[in-house]
Amino acid sequence: MGVGVSIFFLTLGAILRFAIEPDVFGQSVHMDTIGVIFMIVGGVGVVLSIVLAPRRGRTSDHQLMHRENNPPEI
């Protein structure tokens, strides 16, 4: 999950938590709880994206050398 998707989840969670009345979909669905869950998932995604981003950029600088294993002629 990238930073963009994480910010989307944070925004969606904040909208569900703070902007929508909890009783819009009836008593069986708690939109404020779903919003908090989305905000937690988005926050964890942002933190993981930032922590793991430097590891993606590392490349190896090893060079492959080809050697023929022929014994020296005497």
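This structure is a prediction, so every number in the text was calculated from the model and none was measured. One is the number of the first residue; the rest follow in order along the sequence.
- Judged as a side chain to side chain contact (heavy atoms under 4.5 Å, CB included), and not counting sequence neighbours, the contacts of Ile34 are Leu16, Val29, Met31, Phe38.
- In terms of heavy-atom proximity, Ser6 sits nearest to Ser49 at OG-OG, 4.3 Å.
- The side-chain contact (heavy atoms from CB on, under 4.5 Å) test with Ile50 is passed by exactly one of Val47, Leu52, Val46: Val46.
- Here the straight-line distance linking atom CZ of Arg17 with atom CD1 of Ile37 works out to 12.0 Å at 0.5 Å rounding.
- Interatomic distance, Ile40 CD1 to Leu10 CG, rounded to the nearest 0.5 Å: 10.5 Å.
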